[in-house]
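To keep things clear, I will list the structure first and then write my remarks on it.
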Amino acid sequence: MLGRTHYAAEVNEKIEGETVTVAGWVHRRRDHGGLIFIDLRDRSGLVQVVAEPAQEENFRQLDRVRSEFVVTVEGEVKRRPEGMENRELPSGLVEIEPHRVEVLSEAKTPPFMPQDAESVDEMLRLKYRYIDLRRLGLLNNFILRDRVLMAVRRFFHDHGFLDVETPALARSTPEGARDFLVPSRLQPGTFYALPQSPQIFKQLLMVSGFDRYYQIAKVFRDEDLRADRQPEFTQIDVEMSFMTQDQILDMMESMVHFVFQESMGVTLDPFPRITWHEAMEGYGSDKPDLRAGERLWNLTKVVEAHVSWPILREAPFVGGVVFRDYQPSRKQLDIWTNMAKDLGAGGLIWLVKSPGQTRSSAGKWLSPEEVKELADAVELQDGDVLLLVAGEKYPSLGVLGQLRLEFARREDRLNEGWRFLWVTDFPLFEWSQEENRLVSAHHPFTMPHPSDIDLIETEPLAVRSQAYDVVLNGTELASGSLRIFQPQLQSRIFSTLGLKPEEIEEKFGFLIQAFQYGAPPHGGIAFGLDRMVMLMAGAKSLREVIAFPKTARGVDPLMNSPSSVALAQLEEVGIQIKK
RNA sequence: GGAGGCGUGGUGUAGCUGGCCUAACACGCAUGCCUGUCACGUAUGAGAUCGCGGGUUCGAAUCCCGUCGCCUCCGCCA
């Protein structure tokens with residue numbers, strides 16, 4: 001076999017006259033009868049090979065090759081004739097005149113051509129993923145992913161973090177996502193769980209004094225999939241000791257700045273920091289998209305002061321979202337109203353301001369003066385629309401936040417850019433309707449806000465935590481917290497969550513015990529690497545940045561996993577399948 | 001668990017208010033012709049029981065019921 005000397009895109013006018021060997025796939029073949037062109041494709045791009053009948057053996061070889069055959073070509077780099085250059089290609093000023101052509105592999109006609117794959121049914125693309133991955137557009141996502149990872153590793157290495165691996169065979173813990181279970185053969189009837197995160201291990205490393213840890217960790221969650229959720233994904237997992245929350249935020253923010261600079265040449269602005277309350281009040285979401293226009297308006301006080309209509313006046317909360325410079329039809333206003341109802345609002349009141357008048361869907365019940373008070377409160381200008389929702393505070397804010405986002409999407413008002421922010425001070429607990437009990441908003445190891453510790457037993461839902469998220473353009477990119485390092489406090493949290501003492505001892509006894517042997521204050525964060533790369537690449541789905549992803553039903557059509565297994569395998573691990 | 005969208009030669013689509021469909025178009029594929037193409041051109045040709053099952057009807061790609069698969073969203077994802 002001929003050994004490669006150059007990638008396709010490296011063959012250019014600078015090496016004119018040299019003999020090179022290129023290797024790759026036949027991207028396209030153009031047969032002019034007396035003249036055959038081959039576009040040879042490799043990871044770098046394309047280069048043209050041209051053969052004439054006089055070249056006999058080489059011509060015969062190129063005559064017989066077809067799409068996706070694998071070939072090597074040794075030949076001379078020649079400048080193309082005047083006017084025949086292709087400015088689209090880095091190699092477009094030259095072409096290769098072959099001395100020797102080797103066909104290394106023939107190829108069946110592929111189910112789709114790599115260059116067409118973008119429009120092909122995704123199921124088929126996944127089944128033939130190795131062909132799908134031949135297209136350069138997709139390859140570029142993996143080149144970016146590699147650059148991101150290199151930058152991440154360099155940053156952490158340079159800041160004294162140790163890359164430590166933690167087990168993939170761990171134990172199932174209560175709270176959080178459903179675990180993937182792995183049956184144990186040596187201990188029949190017992191199971192490992194694949195980690196949802198290396199959380200406890202990294203905390204134990206802090207107890208050991210590792211001080212700064214990071215890991216590019218594969219983690220697993222057995223929940224329903226989405227475009228931005230796969231059952232297994234990669235976290236940039238980080239933990240550090242003896243750092244204040246602000247120090248941790250600063251450190252992690254500079255990591256993100258570094259990664260964007262190194263991998264894409266993008267200089268980011270400092271990330272604004274807002275509390276969870278501010279996020280909810282301002283955007284109706286704990287992951288605000290700052291590209292989507294102005295904040296929501298709290299009009300409860302304005303209504304109290306100026307409006308007599310009971311529907312508004314007696315609501316515990318009245319909020320508004322303003323669509324600036326928007327002239328909706330009556331039909332569009334109805335669409336917004338229906339959307340608000342679908343999202344759970346009791347109804348929607350709109351105000352449309354135009355020169356000389358402000359129309360309102362509640363015109364019958366609101367006097368012109370009342371309408372004016374509301375319009376003035378949000379600085380409504382001619383051509384602006386105000387949508388009002390009244391009801392319980394957080395559900396209403398949620399509806400308004402959705403309307404705000406949907407408006408920006410539908411009217412194409414999402415501004416360009418990388419709009420990062422920190423959201424801090426999340427609630428420590430949430431109420432789970434489904435389980436009818438308190439659950440951790442982040443995870444049960446999260447440190448409560450120091451001034452709220454006394455409320456843990458008395459008013460748990462009011463307790464703030466020292467937890468923080470990184471949000472980019474409305475997507476949660478990372479989530480972290482300071483951790484509890486006092487065994488007594490950790491026990492209080494567990495029992496507030498309704499875990500029985502025996503249960504605490506059985507599931508987390510080792511952790512509480514570890515904290516009794518000298519635990520440093522510590523905290524950390526985990527970034528969703530796949531999501532980060534997805535957003536950086538401008539991809540719509542995680543599947544575009546994961547080499548072998550799964551479908552929405554958790555299936556890999558290429559390997560055909562998951563699959564049934566031999567009865568003998570089940571017997572070994574002591575499992576019987578229920579019919 | 002729920003809602004919506006989609007399923008027609010190898011690929012992407014059209015047809016889908018029932019008969020003119022013996023299923024059309026483009027790409028791909030095969031075989032000729034063609035010495036400067038680069039989405040080459042050109043001629044000819046092969047290739048689909050319209051996801052699967054049932055029903056309605058004289059007649060179903062088209063209507064109805066069920067089912068499977070893919071995608072998106074809600075629930076779920078500490």
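We name chains A, B, ... by the order of the sequence lines, and we start the count at 1 in each one. In this text the structure is predicted, and so the values were computed from the model without any measurement.
You'll find that the side chain of R30(A) is closest to rC38(B), out of rU11(B), rC73(B), rC38(B). The side chain of H32(A) has rU37(B) as its nearest neighbour among rU37(B), rC29(B), rG12(B). Ranking rG69(B), rC77(B), rC38(B) by closeness to the N86(A) side chain, first place goes to rC38(B). Closest contact between the side chain of F37(A) and the listed nucleotides rG75(B), rU11(B), rG36(B) involves rG36(B). Relative to the side chain of S119(A), the nucleotides rG12(B), rC29(B), rC77(B) differ in distance, and rG12(B) lies closest. When each of rG75(B), rG12(B), rC34(B) is scored by its nearest atom to the side-chain atoms of D224(A), the top-ranked nucleotide is rG75(B).
Phosphate proximity of rC71(B) to S541(A): absent, as no side-chain N or O sits under 4.0 Å from OP1 or OP2. Of the side-chain N and O atoms in R66(A), one or more sit less than 4.0 angstrom from OP1 or OP2 of rU31(B). Look at R41(A) and you won't find any side-chain N or O under 4.0 angstrom from OP1 or OP2 of rC38(B).
The base of rC38(B) is not paired with the side chain of R28(A) by any donor and acceptor separated by under 3.5 Å. Residue side chain E85(A) does not reach the base of rG36(B) through any donor-acceptor N/O pair under 3.5 Å, judged by distance alone. A donor-acceptor contact under 3.5 Å links the side chain of R80(A) to the base of rC38(B). Not a single donor-acceptor pair, N or O on each side, falls under 3.5 Å between the base of rG12(B) and the side chain of D116(A). Judged by distance alone with a 3.5 Å cut-off, a donor-acceptor contact links the side chain of R229(A) to the base of rC76(B).
A distance of about 33 Å separates the P atoms of rA43(B) and rA61(B), rounded to the whole Å.
No hydrogens or angles considered: a donor-acceptor pair under 3.5 Å links the side chains of H443(A) and R483(A). Side chain to side chain, Q215(A) and T166(A) meet the donor-acceptor criterion of an N or O pair below 3.5 Å.
In this structure, CG of L124(A) is placed 6 Å from P of rU11(B), rounded to the nearest angstrom. Residue I36(A) contributes atom CD1, which lies 12 Å from atom P of rC34(B) at whole-angstrom precision.
D121(A) comes within 4.0 angstrom of the backbone, heavy atoms only, and of no base. Across all strands shown, V120(A) has heavy atoms under 4.0 Å from sugar-phosphate atoms exclusively, and none from any base. Across all strands, S67(A) comes closer than 4.0 Å only to sugar-phosphate atoms, never to a base (heavy-atom distances).
Salt-bridge annotation for K78(A) and E97(A): present, with a side-chain N of the basic residue lying under 4.0 Å from a carboxylate O of the acidic one. With salt bridges taken as basic N to acidic carboxylate O contacts below 4.0 Å, none links E122(A) and K540(A).
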